[in-house]
Amino acid sequence: MDDLSAEELWEVLNFAVELKRRMKGGDRPPMLAGKVLALLFEKPSLRTRVTFEVGMLQLGGHATYLAPSDVQMGSRESVPDVARNLERWVDGIMTRTFAHSTVEALAEHAGVPVINGLSDLEHPCQVLADLLTIHERVGEVRKVRAAWVGDGNNVCHSLLLGMAKLGAQISVATPKTYGPDSKILARAKEIAKGTSGSITVGTDPQEAVRDAQVVYTDVWVSMGQESERAAKLKAFSGFQINAALLARAAKDVVVLHCLPAHRGEEITDDVLDGPRSAVFDQAENRLHAQKALLAKLL
Ligand code: CP
Ligand code: NVA
């Protein structure tokens, strides 16, 4: 997320709004005619795969899907060699990896843009869609009071950086040992200083959601953490987004979740399916936000 300046972030979001409006009117500008994006996955996906494939198609280009078992970066072939092959054929690479260092290595060795479609450290494309959703549902992002309740994970990291860049207020509540990465937090606080944003981090969900206009959560056990499941379920038991917790937020609070959701764990069915939930808008907005990003990078 930090690779985009605040100006570039606004540029992408504004163009996403325009592309969305034009698409609803039947206009699909073929801005990427003849361009090809490689989709290089180490983990499963519904939203990321489909929105990048459909997005490239709608822009007149093509996406080529590479499943986790196809390329096997680091075992069948080294990451730098994968990058040096792909750059000869395609105009950009979108990748979903276990280690964030794999995304960085691809970017270092490929002469084409590399987009992070989720790593263990960040999920910036998700947050582009989330910022668009907040803009649509709540209004000016820079005045928004948001809360993150749950794991201080990849989505939380990108959200902290993105909200700080746009000057919003965000309050995070996680169990003590599952807070956000200290480097990301320090960087987000530094950005927020320059944008009049604010970031607070604590361990009390009720305090974090007080008067919040946006409440965001994600799964407690991310992809790659399956062996930590029992310990995490125990640690997160008081961090569920449910009607009682939401009663402390602003009356018209908007509930966000990047999906997939583990219903009954981090969020209840009534909240996820209720009138406050914007989770399927978020999923739709992956398409529009990523098309704007692709148009800029490719
Ligand atoms: N939110 C998200 O990235 O979904 P997928 O894991 O299905 O791509
Ligand atoms: N934090 C989750 C997000 C899934 C889109 C994970 O990394 O599995």
Side-chain angles (χ1 to χ4, degrees), residues 1-24 31-32 37 39 45-56 58-59 61 63 92-97 100 103 107 113-119 121-142 144 146 148 153-168 170 184 187-188 191-192 195 197 214 216-218 254 256-260 278-298:
M1 182 55 72
D2 204 16
D3 285 351
L4 293 180
S5 67
E7 291 70 28
E8 288 169 326
L9 186 50
W10 279 120
E11 193 191 323
V12 170
L13 293 173
N14 286 328
F15 194 47
V17 170
E18 182 186 330
L19 283 175
K20 182 172 183 176
R21 183 177 45 77
R22 286 170 69 174
M23 199 185 110
K24 305 272 174 191
M31 301 177 68
L32 298 183
L37 181 73
L39 308 180
S45 168
L46 171 65
R47 281 146 291 269
T48 303
R49 175 181 176 177
V50 175
T51 52
F52 272 105
E53 285 194 359
V54 171
M56 282 302 290
Q58 290 182 352
L59 290 166
I93 300 167
M94 190 292 303
T95 191
R96 166 167 287 190
T97 65
H100 187 71
V103 186
V114 173
I115 298 171
N116 180 356
L118 182 148
S119 67
L121 191 67
E122 281 212 52
H123 197 1
C125 294
Q126 177 66 49
V127 168
L128 289 179
D130 302 337
L131 295 173
L132 178 57
T133 308
I134 294 171
H135 166 80
E136 289 173 343
R137 287 279 191 135
V138 189
E140 240 186 302
V141 182
R142 85 164 57 81
V144 163
W148 174 276
N153 65 12
N154 43 9
V155 178
C156 175
H157 293 156
S158 293
L159 188 71
L160 282 171
L161 293 168
M163 293 294 262
K165 274 188 197 226
L166 299 191
I170 179 159
I184 297 260
R187 175 64 187 141
I191 296 168
T195 60
V214 172
Y216 199 145
T217 194
D218 183 15
V254 172
L256 301 182
H257 191 309
C258 59
L259 304 178
V279 300
F280 299 110
D281 285 1
Q282 285 176 271
E284 178 187 336
N285 283 337
R286 291 291 300 275
L287 176 67
H288 309 297
Q290 288 161 193
K291 280 170 71 181
L293 182 71
L294 289 166
K296 180 174 174 60
L297 294 179
L298 269 60

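All of these numbers come straight from a predicted model, not from anything done at the bench.
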Only counting residues at least two apart or in another chain, list the ones meeting ring-ring contact (aromatic ring centres under 6.0 Å, His included) with Y216. W148

How many angstroms lie between atom CG of N14 and atom CG of L9, to the nearest 0.5 angstrom? 9.5 Å

By side-chain hydrogen bond (donor to acceptor under 3.5 Å, both in side chains), Q58 pairs with (sequence neighbours left out) K291

Are the side chain of N153 and the backbone of C156 linked by a donor-acceptor contact shorter than 3.5 Å? yes

side-chain hydrogen bond (donor to acceptor under 3.5 Å, both in side chains) with T51: which residues, sequence neighbours excluded? Q290

Applying salt bridge (Lys or Arg N to Asp or Glu O under 4.0 Å), name anything that partners R22, two or more places apart in sequence or on another chain. E18, D27

At what distance, to the nearest 0.5 angstrom, does SG of C125 lie from CG of N285? 13.0 Å

Contacts of A63 that satisfy side chain to side chain contact (heavy atoms under 4.5 Å, CB included) - sequence neighbours left out: L39, E53, M56

Within the distance-only criterion (no hydrogens, no angle test), does the side chain of Q282 pair as donor or acceptor with the backbone N or O of H257 below 3.5 angstrom? yes

Mind jotting down which residue pairs meet the side chain to side chain donor-acceptor pair (under 3.5 Å) criterion with at least one end in residues 154-164? Sequence neighbours excluded, please. E122-S158

Pairwise distance CG(D130) to NE2(H123) - rounded to 0.5 angstrom: 8.5 Å

Heavy-atom side-chain proximity of V144 to V214 below 4.5 angstrom: yes

CD1 of I134 to CG of L256: how many Å apart, nearest 0.5 Å? 5.5 Å

Quick test of your reading of the model: are K296 and E7 salt-bridged, counting only N-O distances below 4.0 Å? no

Given 3.5 Å as the limit, does a donor-acceptor pair link the side chain of R96 with the main chain of G117, or not? yes

